[in-house]
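These numbers were taken from a predicted model, which means no experiment stands behind them. What you see below is based on every heavy atom in this structure, not just the backbone, and it leaves out hydrogens, waters and symmetry mates. Ligands are counted one by one from 1 in listed order, and the atoms in each one are counted from 1 as well.
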Amino acid sequence: MPATMTRDILIYLLLSFLSAIFVLKFFLNNLTKPTSHPKLPPSPPTLPFIGHLYLLGPFFHESLRNLSTKYGPIFNLRLGVSQWCMVVQSPSAAAEILKTQDLSFAQHPKLAFADEVPYGDTGFFSAPYGNYWRFIKNVCVNELLSPRQLERSRPLREEELDRFLHKVFESAKKREVVDVGSELTKLTNNIVCRMAISTRCSEKNDEAEKIRELVKDSFEVASKIFIGDVFGPLKRLAFWFYGRQLIDVGLRFDEMLEKILERHEDQSWKRDQNDQDLTDILLKVYSDDGAKAKMTRTHLKALLLVSGYFIGSTGNSSEVVVWTLAELINHPNVFSKLREEIKSVVDNNSRLVQESDVANLPYLQAVVKEILRLYPPLPVTTRECRQACKIQGFDVPQNTMVAINLYAIMRDPELWDNPNEFWPERFLQASSKNQQHDKSAGGDENPNFLAFGAGRRACPGGKLGLAMMHTAVAAMVQCFDWKVGGDGNEAAAKVKMEVRKGVFIHLAHPLKCLPLIYFNPFASPI
Ligand code: HEM
C-alpha cells in the first residue's frame, strides 16, 4: 500500500474518532444539562442602541409605575446598548430584596468610571459591600450619627433654627416675600456644615458655600456620566466628553478636604470633647493605632466626603419641608390641627417648640411621614445582585442592576387608602390598612413605608434628617401664617403641586410666600 494512502486512512480514522467523541459529548451534555432556560421577568420590545429608553418619560418614577400596568410588578428594561435593569414595584418583591435576601443585594451599582476618578468607589453610597463599607458604616452609626453625637449637636441645630426664624421675622415685618426653599437649604446646610467641620455659610472663608457648590457640580457631572452606562461598549466616548470634569471636581474636593484636615490637626488641642465636630472624631479614629481597621488619608477624606453627601442629603430634608409647607397651605384644616397640637405641648405658646418636644407631637410626626410617603426624596433606589438568586420565581443573574420604585410602592392602592391624597391621619389610625404594623417582625413601623430604604444599605441619616425636618416644620407652623405669592390675592391662593421633570421629586416652581407673624417667641414680654 502506498505511504500516502496509509496516511489518508489514518487521518480518516482519526477524524472519525474525534467526530464520534464530539457527537457523544454533545448527546451526553444535552442529556445532563437542564433543558429549561433561565426564567427572566417580562420585558417590552426593545429598539436598537437605545433599548427601552424610549419608554421613559420626563418623570422617571412615574414612567416605571405606568409600565407595570402592562408588564406587571417585576420587569426587565434595557437602558441603552447593554445595561439591563430589573425593575421592582411590588411590596413583596421589594421585601425579598431589601429584607429576606438583603445580603445578596447589599450593594449599590458601581458608577461608570468609578475606578478612574478620585474616591470613585470609596464613598459610602457607592462602596461595594465588604470590609471597607462595614468599617464606614460602623464609624457612621457608632460615631458620626450615633444618638450621643446627635444629642451633643442639638444646641447647634436649635441655634441655627433660631437664626433662620429671626430672618423670617425680619421679612415678615418688612412684608417681604420669602423664597422658602432657598432659606431652608441654607438652614440645613449650615447645620450639617457646623456638625461636620464647625463652619457655616456666609462666614469669612465661606467653606460651607464652596462645599455646596462642589456637591452641586459633582451631582451634575455624575448624572452626565451615568449616560456612559447607556453607551455600553462605547462608554469610553462618554468618559472622553465628561470624565475630565468629574476628575476635576474630585481634585477640587481633595484640595478642600486636605485644607480642612490640616486646619483641624493644627487646632485639635484647642477643642474640648464637647466641642468636637465630625472631622475631629474622624481624625481620632485615623490616629488610633489600636483601631479595628487602619484608616488611610484617602479613607479619611472619603469619609469626610460622606459629610459632603450629608450636604447633598440635607437638600433632601429641606425639599421635604418645602413640600410639607405647600401641602399645609393647601390643607388649612391640617395646618390648624397641627398648630393646636404644638400649642398644647408648649404650654399655650409660652416658648418656641424644641426637638425634645417631638416625641409628644404624634400628629407632627404623621404629617412629615405622609410627605415622605407622597414625595420621597429618593423615589427609586438601586441595588446590585451580588450572587445569582431567585426573586418571586424569576432568575436574577449575578451583577444584575435592580431598581426598586419606592414611590410606586408608597402610592400602591392595594396598600394605602386614597394613595394620592395628603392625609396624615392614616399613620394614626391603627385599624386602617395604612397602619399594618409588622409586630411579628418586632418592629412598629409600617413595612410598606420605605422612604429611607431598608436592610443593610438603608439610610443611616434618617434620624438626623427627621430631627431637622420635624423642628423646622413645627417652628414654621407655630410662628407664622404663610400666604402664597404675596401679590394681594393671597387669601384664595393655593400652591400648584407640580413636580419638576427629572429623577428626583422637586416642586416645579420655587415656593415663594409672605410670612405673617402669628407668635413671636423672641419678642420681649410687655
Ligand atoms: C429626608 C431625609 C432623607 C431621606 C428620605 C433619605 C433616603 C435615603 C434612601 C432611600 C437611601 C437608599 C437606601 C436603600 O438603598 O435602601 C439613602 C441612603 C443613604 N443616605 Fe439618606 N436620606 C435622607 C437623609 C440623609 C441624611 C441627613 C444623611 C446623612 C447624614 C443620609 C445619608 C445616607 C447615606 C450615607 C446613604 C447610603 C447608605 C449605604 O449605601 O449604605 N441620608 N438615603
Using a plain distance cutoff, I'd like to know if [X] has any nitrogen or oxygen under 3.5 Å from a nitrogen or oxygen of ligand 1.
X    : answer
S317 : no
R456 : no
T382 : no

* Min side-chain heavy-atom separation H470-Q365 under 4.5 Å ->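 Yes - at least one pair of side-chain heavy atoms lies under 4.5 Å apart.
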
Close-contact set for ligand 1 against [X] heavy atoms, below 4.0 Å:
X    : result
R383 : 14 (C), 15 (O), 16 (O)
P377 : 5 (C)
L378 : 9 (C), 10 (C), 11 (C), 12 (C)
A454 : 16 (O)

Minimum distance, heavy atoms only, to [atom]: which one of [options] is it?
atom                    : options                : answer
atom 12 (C) of ligand 1 : I371, L464, T381, L450 : T381
atom 3 (C) of ligand 1  : W133, F452, Y129, F105 : F452
atom 43 (N) of ligand 1 : A94, G461, C459        : C459

* Asked: To the nearest 0.5 Å, how far apart are CE in M497 and CH2 in W323?
  ->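 Between M497 CE and W323 CH2, I get 5.0 Å after rounding to 0.5 Å.
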
* Structural part of K137 in contact with ligand 1, heavy atom criterion under 4.0 angstrom ->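 No part of K137 is near ligand 1 at this cut-off.
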
* Asked: What pair of heavy atoms forms the shortest contact from I197 to H264, and how long is it?
  ->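 Scanning both residues, the minimum pair turns out to be O-CE1, 3.8 Å.
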
* Non-hydrogen atoms of E96 and K390 that approach each other most closely ->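 Nearest pair, atom of E96 first, then K390: OE1-O, 3.8 Å.
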
* Asked: Are V87 and I74 close enough, and set up right, to give a side chain to side chain contact (heavy atoms under 4.5 Å, CB included), and what steps lead you there?
  -> CA-CA 6 Å; V87 181; I74 303 183; over 6 Å; no

Cation-pi check for [Y] against [X]: NZ or CZ below 6.0 Å from the six-membered ring centre and within 45 degrees of the axis, yes or no?
X    : Y    : answer
K501 : F59  : no
R373 : F452 : no
K186 : F164 : no

Is [X] near ligand 1, meaning one of its heavy atoms is under 4.0 Å from it?
X    : answer
M469 : yes
A451 : yes
E319 : no

* Residue that, paired with Q149, satisfies side chain to side chain contact (heavy atoms under 4.5 Å, CB included) out of L278, N142, D277, L144 -> L278

